[in-house]
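All values below come from the heavy atoms of this structure, side chains included, with hydrogens, waters and symmetry mates left out. Below, chain A is the first sequence line, B the second, and so on; all start at residue 1.
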Protein chains: 2
Amino acid sequence: MFEPVTIKDIAKALGLSTSTVSRALRDTHEISPATKKLVIDYANKINYKPNPIALSLKERRSKSIGVVVSEVANSYFSQAIDGIESIAYDKGYHVIISQTHESFEREVVNVNHLASRSVDGLLISLSSQTKDISHLKFLHEKGLPIVFFDRVADEIVTHKVIADNEKGAYQATSYLIESGYKKIAHLTSSSYLSISIERLSGYEKALKDHGIETNRDYIKYCPHGGMLYEETENAIKELMALKDKPDAIFVAGDRLSTGCLSVFKNLKISVPGDMAIAGFSNSDVLDLFNPSLTSVRQPAYEIGRLATEMLLKLIEAKYPVEEFEKKVLETSLSIR
Amino acid sequence: MFEPVTIKDIAKALGLSTSTVSRALRDTHEISPATKKLVIDYANKINYKPNPIALSLKERRSKSIGVVVSEVANSYFSQAIDGIESIAYDKGYHVIISQTHESFEREVVNVNHLASRSVDGLLISLSSQTKDISHLKFLHEKGLPIVFFDRVADEIVTHKVIADNEKGAYQATSYLIESGYKKIAHLTSSSYLSISIERLSGYEKALKDHGIETNRDYIKYCPHGGMLYEETENAIKELMALKDKPDAIFVAGDRLSTGCLSVFKNLKISVPGDMAIAGFSNSDVLDLFNPSLTSVRQPAYEIGRLATEMLLKLIEAKYPVEEFEKKVLETSLSIR
DNA sequence: TTGTAAGCGTTATCAT
DNA sequence: ATGATAACGCTTACAA
């Protein structure tokens, strides 16, 4: 049904060779203005469009980048993707999206699928279940440009873009403390995720700086990062069942924050009142109403843009890159 | 840096021809079990992966679909993309995302970019500024499989998947009326969008069925669909400036609903109280708190899945498809 | 200035 | 059962 116009068609129609046509189209100086015009005009007339796949095969690049995130339907990631797309669009790259749904297996499959030579580079935020990153290491060593954002792997030496998670966590926790709460729990996702570690560290630092001792019982992990309602509910039930019940909670993730509010609602725990909450969240709607949650907002759009700029720089680098950056962007605390 | 393994490498290493290797790998029956095993084992050993680009060139298909939406960072679309990805992933298709930001020019560029033979099919929700669809018509006539979702073009005969916008609008408007409001305004996006027309129709029908006359002054358009704060604000200011001020408002879009709430907040118009609101919105956070908005929720994930299934059916159809469907999925009203 | 031919990685056709 | 060759659409030495 599709009968695409090729260079060959133009050549035949104009009685020229394909190479002449090719050169004329790309405006080489070693071609007579006459034929050049002839070719270009005819090409426009029949609406010739070069076949990007043939080009890719020849030039061994696809002009597309792969993006691996846990969930698209998550305000943080959708904002980041918006940023990624904005840069990619300007530079003529396609953005291929894939989701891990926080599953390690799925991450491996997606990464390999993208990498089998169909993308020029990879932008990835690790799944919450990922601790082994040999699938990425392998590809990275083979030369696939990779840039991490959000959830990074220190083991792989490349560009990384993250928010200042430690500082954001510090501010949120401090805010709770300074609002009069003293028994502050911490709800976080998987323990090996870089963001969890950074946020935990900020939380602990804030406690320490305010002379509060860390209580191990107050720290609860939800390895599925809020994807499983049960998991979040159990964590919260455990907290509420403690003899020395916390009076506030610092939540370390977007999904987890809404999950947490949702659990509180179902358990009829009033917020604030029974329990104050501060947590990471990038929902614009939440920011608009913010009935109960003090939120740490990440510059997701900017993170996406920056990561993409770095990736394209790696992809288009003529020589092997030696210096890698880890960019840390500021978060902001949204208080009501 | 990347030095990919090819069939040629295997052939050379094993002293076979490329055709034999190719056949052995794809398990043709006309090949000796011995060489078959030899080839497959060696291929696994050196981790051979077929080059999808070479395959695409040969088979004239890329195993990827293009998705065109106005904004990724929008709960409706991100949920739809989640659904799209879920089906595409299962069928081994890549999903290439592009955004129009409600701009017609950008839609044309994106569509053409995707279509120049690099995607096997297109999933599109029109931009709010699109009234001329010749760019799509052209490609569709050339044979590119296209499936519309959400914002469709009746002019093009193909599969379409939408929510029951008219019914959703009818229910929301009726809900306002039955809650005691009588002067119900309607805030909508661009007048030529299919969803606008359908929702307006539901709104008018509800008024009529409840014996209320339609007031032209009560219908306000925001062609940018809530993307421009000013535009939304002006529309609302105009409504508030009417001698016979409305007491409720039915909002026809996701972005517009939050935009509207945001304007009310800034103008210190209390909701409900000064003004009741019901509107289309797919934000899960909004659904969680829903402080003031009664929302019409669309089955975005399902719409995405269904549209993708239909598109893949078109793509993989052996014979030209004659019968096209327009699937209409139910919305649900979320009341607080 | 233009044409010829080889090559990107794969598969299909036609030998052998 | 296996190999040689052409082809998919394009670019680029190398010739002319």
Checklist entry - If you round to the nearest 0.5 Å, how far is NZ of B/K137 from CD1 of B/I156? => result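 B/I156 CD1 to B/K137 NZ: 7.0 Å, rounded to 0.5 Å.
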
Next on the checklist: Below the 4.0 Å mark, does C/dC8 have OP1 or OP2 next to a side-chain nitrogen or oxygen of B/K8?
Outcome noted: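 So the side chain of B/K8 is within the cut-off, an N or O lying under 4.0 Å from OP1 or OP2 of C/dC8.
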
Checklist entry - Does A/S17 place a side-chain N or O at less than 4.0 Å from the phosphate oxygens OP1/OP2 of C/dG3? => result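 Yes, A/S17 has a side-chain N/O under 4.0 Å of OP1/OP2 on C/dG3.
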
Measure the distance from [atom1] on [X] to [atom2] on [N] and round it to the nearest whole Å.
X	N	atom1	atom2	result
B/K63	C/dG9	NZ	C1'	18 Å
B/L16	D/dT2	CG	P	8 Å
B/H29	C/dA12	NE2	C1'	14 Å
A/I10	C/dT2	CD1	C1'	16 Å
B/E30	C/dT11	CD	P	14 Å
B/R61	D/dG9	CZ	P	15 Å
A/L38	C/dT1	CG	C1'	14 Å
B/I31	C/dT11	CD1	P	12 Å

Checklist entry - Is it true that the NZ or CZ of B/R151 lies under 6.0 Å from the centre of B/Y192's six-membered ring and within 45 degrees of the ring axis? => result no

Checklist entry - Reading nucleotides 11-16 of chain D 5' to 3', which nucleotides get B (base under 4.0 Å from a protein heavy atom), which S (sugar-phosphate only), which -? => result BBB---

Checklist entry - What's the closest nucleotide to the A/R60 side chain, out of C/dT2, D/dC8, C/dC8? => result C/dC8

Next on the checklist: Can you see whether B/K45 engages B/N47 through a side-chain donor-acceptor pair at a distance of less than 3.5 angstrom?
Outcome noted: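 Looking only at side-chain atoms, B/N47 and B/K45 do not form any donor-acceptor pair under 3.5 Å.
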
Checklist entry - Can A/T100 and A/S103 be counted as having a side-chain donor-acceptor contact under 3.5 angstrom? => result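 There is no such pair between these side chains.
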
Checklist entry - Between A/H159 and A/F149, does the ring centre distance come in under 6.0 Å? => result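 No; A/F149 has its ring centre 6.0 Å or more from that of A/H159.
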
Checklist entry - Does the gap between the ring centers of A/Y93 and B/H113 come in under 6.0 Å? => result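 When the ring centroids of A/Y93 and B/H113 are compared, they turn out to be at least 6.0 Å apart.
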
Next on the checklist: If you assign B/L57 and B/G15 each to the DNA chain D nucleotide with the nearest heavy atom, which residue ends up on the more 5' nucleotide?
Outcome noted: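 Result of the comparison: B/G15.
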
Checklist entry - Applying side-chain hydrogen bond (donor to acceptor under 3.5 Å, both in side chains), which residue pairs with at least one partner in residues 319-328 of chain A are found, sequence neighbours left out? => result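 Every pair satisfying side-chain hydrogen bond (donor to acceptor under 3.5 Å, both in side chains) with a residue in residues 319-328 of chain A: A/D154-A/K326.
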
Checklist entry - If you look at every strand shown and take non-hydrogen atoms under 4.0 Å, does A/S56 touch a base, only sugar-phosphate, or nothing? => result nothing

